[in-house]
Amino acid sequence: QVQLVESGGGLVQAGGSLRLSCAATGRISSSVAMGWFRQAPGKEREFVATISGGGAFTNYADSVKGRFTISRDNNKNTVYLQMNSLKPEDTAAYYCAARIVRYVSTMRDEYDYWGQGTQVTVSS
């Protein structure tokens, strides 16, 4: 069983930065891929970024490529999402997710565990 707790959300002006963290209870081993998703009001939860178990492979949604960076520290059981050059359209609840295989995935249904989410609001 893996429990995930996100933190680091908040209110920021357009062009600003935030760093989200996802702390896991239970060890995040190199066999567990991690992902970030987001959900804006009235919209479906969408893929943002994913990282392989060992951290060597990442994938990003086109809308965040070049602005967001996903990383992980397996010794600290923590995954991060560095978000730069934030835009109002990035406003959403951000969710951390884990899948019990080491390969990346952009598909929401392929993740086994989810956090409760952290709100990010970007003002114009």
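Note that this is a predicted model, so its numbers are computed, not measured.
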Asks: Please report the closest heavy-atom contact between Val64 and Val48, naming both atoms and the distance.
Replies: CG2-O, 3.6 Å
Asks: Nearest 0.5 angstrom please: Asp90 CG to Thr121 OG1, how far?
Replies: 11.0 Å
Asks: Which atoms form the tightest heavy-atom contact between Gln119 and Thr91, and what is the distance?
Replies: NE2-CG2, 4.0 Å
Asks: Just jot down the side chain to side chain contact (heavy atoms under 4.5 Å, CB included) partners of Ala92, sequence neighbours excluded, or say none.
Replies: Arg38, Ala40, Tyr94
Asks: Test of understanding: with side chain to side chain donor-acceptor pair (under 3.5 Å), list the residues that count as partners of Arg19, not counting sequence neighbours.
Replies: none
Asks: Test of understanding: with side chain to side chain contact (heavy atoms under 4.5 Å, CB included), list the residues that count as partners of Ser17, not counting sequence neighbours.
Replies: Gln82, Asn84
Asks: Using links of under 4.5 Å between side-chain heavy atoms of ILVMFWY residues, direct or through other members, which residues join Leu11 in one cluster?
Replies: none
Asks: Enumerate the residue pairs fulfilling ring-ring contact (aromatic ring centres under 6.0 Å, His included) with a member in residues 32-66, sequence neighbours excluded, ordered by first and then second residue.
Replies: Phe37-Phe47, Phe37-Tyr111, Phe37-Trp114
Asks: Can you give me the closest heavy-atom contact between Val2 and Ala24, atom names plus distance?
Replies: CG1-CB, 4.3 Å
Asks: So does Thr118 get a backbone contact from the side chain of Glu6, meaning a donor-acceptor N/O pair under 3.5 Å?
Replies: no
Asks: Step by step, would you call Val120 with Leu20 a side chain to side chain contact (heavy atoms under 4.5 Å, CB included)?
Replies: CA-CA 9 Å; Val120 172; Leu20 305 184; 4.1 Å; yes
Asks: How about Arg67 and Ser85: do any of their side-chain heavy atoms sit closer than 4.5 Å?
Replies: yes
Asks: Is there side-chain contact between Leu4 and Tyr95, with at least one heavy-atom pair below 4.5 Å?
Replies: no
Asks: Using side chain to side chain contact (heavy atoms under 4.5 Å, CB included) as the criterion, list what pairs up with Glu89, not counting sequence neighbours.
Replies: Lys87
Asks: What residues form a side chain to side chain donor-acceptor pair (under 3.5 Å) with Lys43, not counting sequence neighbours?
Replies: none
Asks: Just verifying a value: how many Å separate Leu18 CG and Met83 CE, rounded to the nearest 0.5 Å?
Replies: 4.5 Å
Asks: Please report the shortest heavy-atom distance between Thr78 and Lys76, naming the atom on each side.
Replies: OG1-O, 2.8 Å
Asks: Is there side-chain contact between Val104 and Thr58, with heavy atoms separated by less than 4.5 Å?
Replies: no
Asks: Enumerate the salt bridge (charged side-chain N to carboxylate O under 4.0 Å, His left out) contacts for residues 108-118, please, sequence neighbours excluded, ordered by first and then second residue.
Replies: Arg99-Glu110
Asks: Test side chain to side chain contact (heavy atoms under 4.5 Å, CB included) on Leu81 and Thr69; report intermediate values, then the result.
Replies: CA-CA 6 Å; Leu81 186 68; Thr69 302; over 6 Å; no
Asks: Residues in side chain to side chain contact (heavy atoms under 4.5 Å, CB included) with Ser7, at least two apart?
Replies: Ser21
Asks: Going by the salt bridge (charged side-chain N to carboxylate O under 4.0 Å, His left out) test, which pairs reach into residues 47-56, not counting sequence neighbours?
Replies: none
Asks: Identify, with sequence neighbours excluded, every residue that meets side chain to side chain donor-acceptor pair (under 3.5 Å) alongside Arg45.
Replies: Gln39
Asks: Keeping to residues at least two apart or across chains, list the disulfide bond (SG atoms under 2.5 Å apart) pairs with something in residues 55-124.
Replies: Cys22-Cys96
Asks: Are Phe68 and Ile51 connected, step by step, through hydrophobic side chains (Ile, Leu, Val, Met, Phe, Trp, Tyr) whose heavy atoms are closer than 4.5 Å?
Replies: yes
